[in-house]
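The next block holds one structure in the form of structure tokens; read it before the comments.
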Amino acid sequence: MTPEEALVEAEQAVAAALRKLGWPELPLDRSPQHGDLAVICFPVAKQLRKPPEALAKELASALVVRGLRANALKGYCNVALDWRPLAPELLVQMATGDFGRGAPTGHRVLIEHTSANATGPFHMGRARNPVIGDTLARLLRYNGDEVATEYYVNDMGRQAATLAYGVRHFAPGDAEKVDHALVECYRQANAALESDPAAKEAIYALMERCEQGDTEAVAEVAGAAEKMLAGMRVSLARLGAETGAFFHESQLVTGGAVGKVIEALVESSLCGDEEGAKYLDLTDYGIAGRNQKFFFTRKSGLSLYTTRDVAYHLSKFSRCDIAINVLGEDHKLQSQLLALALTELDANAPDVVFYAFVSLPGGKMSTRAGRVVYLDDMLDEAGQRALAELEQRRPDMAPVQREKLAAAIGTGALRYNILRVQAEKGFTFRWHDALSFEGDAAPFAMYSHARCCAILRRAKGEPGGDPPGDRHATEEEFLRQLSHWPATMVRAAGERKVHLLPPYAHGLARALNGFYRDCQVIGAPEEGFRLALVDATRRVLGDVLGLLGVVAPEEM
RNA sequence: GGGCCCGUAGCCUAGCUGGAAGGGCACCGGCCUUCUAAGCCGGAGACCCCGGGUUCGAAUCCCGGCGGGCCCGCCA
């Protein structure tokens, strides 16, 4: 019997007991504070003219008679499963390595994430995107979906043209990494754009040539973007969050896809015209005030960013069943309009995971004001602090191994800290919090994984064997935690809430550490059983860390 | 001005399809002669932004405020 089946059985027993008592049905809490199931006795108190506490007690007695472990507490009747008969099957399942992993769903999912404009190195504000996107991709893949990831490269439009102009006319900075060097070109071009009319004209001319599909202009702009992107990709690779494919905006224009979108949209009954500029009239779609006109061409007839985005999504849906975009909250309106336009073309609309911005204690991050924390610097700093820790704790470790581990710990800590906060909640970046290596942080889960490995490495016996008759209380809590993994994963994947993962890792690591304290494994009479428990934890913890994009080390 | 999101201990954060306020940092006290102390145990700390409403019951749902973020271009 599985824990789920045992729970269903317990629920049936509760229902039977209620019938026998002559009470109406009562609400249940399936993730209660105590035990595995709680019956909430408040609703019938008035009807039965008894305080909830007394009702809970009465019900508990009735359940105990039926052979369940039930306890009345403050108007709740808590029921705990007997994990003894459940443990062997659960451990066998977990030993297969597929515990929690979903069966293939047959869904082709395309996740677009990051897609940062190639204007400079990633800063911490932008870093939220690849981390969430990458973990979402790993999670859905684990869930059984067929997942591809894509980075939409913006090589059309003003910013891209500005960079190209900068690369052509200004000298890069002397930073070693190409994106950090090239951002200097972009800064100067931006300044020129504001102060020098000739520069402005050149940049806009370049942009327009691109939009017309001029291959030479496109090549120049795309080439500049590509150079910048090379540096940015190094950062993503370091983060362990590089996308599978890069889709260039320019190919939508040169390949004719945008033209087709414009033709189709013009046919819409909602299409309006303002001095030659075409728009969709969205008055009836509940869009607020001024945004009711969704322009898809300029009066010159050329496309706009949003038009190209429509074309991009049409392309996406020719390759997938479900498209998911990871976007900053500043794209909310834009995304809504895109969805409406796609609906107007009888196409699917993407699902979107929005995340709020990361700010600094002084306010927003601003490249121009020089108030930024670069991802690369953050990664360096995190790695260095981890290395300092390791040098102190593990002087015995080979330096090469130490450095590799330190980098993994630094990156892991960063990813974990980003992931543990709900996407839609903004947060303020603080070095101290971001580099925390204690408590609810990646190193704790990593360390717990390493502990499992250490025990398994040192043990002479094999995992397995019958569970002992008496189970330590912490062992039970441990089994309970372990058994919740599949449901946690399914919920996180279904609701696309990656922030549900870190608390699970933390809870499991805590359960392991409690067990570690109370239960000697090696040399104990129940060694085989306990080794199986430890091995199962090693696997599950390893899986969760894998989804978070955090290395699960064998020693630490 | 309008739209969307957020508001939980000194700080960060979970819980938000209503049911017992979780965790972490920082703070105080204890634990390295047994499998790694990035750990464990104990303590203290919360008008769940404010005001109403619905309900046996509201951090959670509804209405109205306040505070913060984001957005409102024939830019991207």
Side-chain angles (χ1 to χ4, degrees), chain A residues 27-29 31-34 38 40-47 52 73-76 78 117 119 154 156-160 207 249 274-279 286-291 293 295-302 304-306 308-309 328-334 336 354 356-357 359 364 386 389-390 392-394 409 413 417 420-422 424-428 430 432-433 436-448 450-459 499-500 502-503 506-507 509-510 512-514 516-524 527 530-531 534 555-556:
Chain A
L28 301 174
D29 182 353
S31 47
Q33 289 190 7
H34 307 280
I40 299 160
C41 299
F42 298 91
V44 287
K46 195 180 266 182
Q47 189 187 334
L73 187 66
K74 293 199 284 189
Y76 296 84
N78 298 312
N117 285 346
T119 54
N154 224 293
M156 292 252 120
R158 203 190 63 220
Q159 286 191 332
M207 178 173 78
E249 188 179 4
E274 207 172 279
E275 296 176 43
K278 301 278 192 284
Y279 64 89
I287 298 296
R290 296 188 280 241
N291 308 308
K293 284 180 186 172
F295 280 93
F296 61 92
T297 75
R298 304 178 202 240
K299 59 184 169 199
S300 61
L302 291 175
L304 292 155
Y305 167 82
T306 44
R308 303 190 285 270
D309 210 14
E329 61 180 348
D330 53 332
H331 285 72
K332 274 190 181 175
L333 176 62
Q334 157 62 24
Q336 206 182 135
F354 290 107
F357 281 18
S359 58
K364 271 175 77 168
E389 287 291 321
L390 272 179
Q392 220 174 61
R393 294 167 195 275
R394 294 297 307 273
I409 292 169
N417 266 303
R420 55 187 267 273
V421 181
Q422 247 180 76
E424 56 272 24
K425 220 145 155 174
F427 68 91
T428 302
R430 287 187 181 82
H432 175 265
D433 296 341
S436 166
F437 288 172
E438 286 171 349
D440 189 4
F444 176 41
M446 298 170 83
Y447 182 73
S448 301
R451 265 190 163 167
C452 292
C453 293
I455 294 172
L456 293 165
R457 199 164 47 231
R458 285 172 190 268
H499 77 274
L500 298 177
H506 184 244
R510 265 165 60 95
L512 171 81
N513 282 291
Y516 182 89
R517 174 196 68 230
D518 293 335
C519 306
Q520 176 69 27
V521 176
I522 295 170
E527 179 176 308
R530 288 183 172 167
L531 281 174
V534 171
E555 61 174 308
M556 191 163 152

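Bear in mind the structure is a predicted one, so any value in this text is a computation, not a measurement. Keep in mind that the numbers below use all heavy atoms, side chains included, and drop hydrogens, waters and symmetry copies. Reminder, nothing fancy here: chain letters follow the sequence lines and each chain counts from 1.
- For A/G514 and A/D330, each mapped to the nucleotide of RNA chain B holding its nearest heavy atom, the one lying further toward the 5' end belongs to A/G514.
- Using a 4.0 Å heavy-atom distance criterion, A/K364 is classed as a sugar-phosphate-only contact.
- Using a 4.0 Å heavy-atom cutoff across all strands shown, A/C519 reaches at least one base atom of the nucleic acid.
- Atom CD in A/Q520 sits about 14 Å away from atom C1' in B/U33, given to the nearest Å.
- If you measure from atom CG of A/N513 to atom P of B/C32, you get 18 Å, rounded to the nearest angstrom.
- Taking atom OH of A/Y516 as the reference point, atom C1' of B/G39 lies 8 Å away to the nearest angstrom.
- Counting to the nearest Å, the C1' atom of B/C6 and the CD atom of A/E424 are 9 Å from each other.
- A salt bridge does not link A/E555 with A/R457: none of the charged nitrogens is closer than 4.0 Å to a carboxylate oxygen.
- The side-chain heavy atoms of A/R530 and A/I455, taken from C-beta on, include no pair separated by under 4.5 Å.
- If you check B/C56 for Watson-Crick or wobble pairing at under 3.5 angstrom, you find it paired to B/G19.
- No contact: A/Q47 has no heavy atom under 4.0 Å from any strand.
- Within the 4.0 angstrom heavy-atom criterion, no nucleotide atom of any strand lies near A/P52.
- At the phosphate of B/C31, neither OP1 nor OP2 sits under 4.0 Å from any side-chain N or O atom of A/R517.
- Distance A/L333 CG to B/C70 C1': 11 Å, rounded to the nearest Å.
- The main-chain N or O of A/M207 is never found under 3.5 Å from a side-chain atom of A/R158 such that the two would form a donor-acceptor pair.
- A tilted orientation is assigned to the rings of A/F295 and A/Y279, their planes being inclined by 30° to 60°.
- Between A/R298 and B/G73 there is no side-chain N or O to OP1 or OP2 distance below 4.0 Å.
- Two residues, A/R308 and A/H432, neighbour RNA chain B, and the one matched to the more 5' nucleotide by heavy-atom proximity is A/H432.
- The partner of B/U34 is absent, by the rule that a Watson-Crick or G-U pair needs both atom distances under 3.5 Å.
- Side-chain atoms of A/R420 and A/D440, non-hydrogen and from C-beta on, do get closer than 4.5 Å to each other.
- Evaluation of atom-type donor-acceptor distances gives a pair under 3.5 Å for the side chain of A/N78 against the base of B/A20.
- When heavy atoms are screened at a 4.0 angstrom cut-off, A/A356 is found touching no nucleic acid atom at all.
- Nucleic acid contact for A/M556: base, since at least one base atom lies under 4.0 Å from a heavy atom of the residue.
- Base orientation of B/C32: syn, since the glycosidic angle falls within 90° of 0.
- No side-chain heavy atom of A/V421 sits under 4.5 Å from any side-chain heavy atom of A/H499.
- A/F444 places its CZ atom 12 Å from the P atom of B/A37, with the value rounded to the nearest Å.
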- Item | Under 4.0 Å protein heavy-atom contacts per nucleotide of nucleotides 12-19 of chain B, with B for base, S for backbone only and - for none | BSSSB--B

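- Under the 3.5 Å distance criterion, the side-chain polar atoms of A/E274 are left unmatched by any main-chain donor or acceptor of A/G276.
- Rounding to whole angstrom units, NE2 of residue A/H331 and C1' of B/G69 are separated by 16 Å.
- Distance CD (A/E329) to C1' (B/C6): 8 Å, rounded to an integer number of Å.
- Counting heavy atoms from C-beta on, the side chains of A/M156 and A/Y305 never come closer than 4.5 Å.
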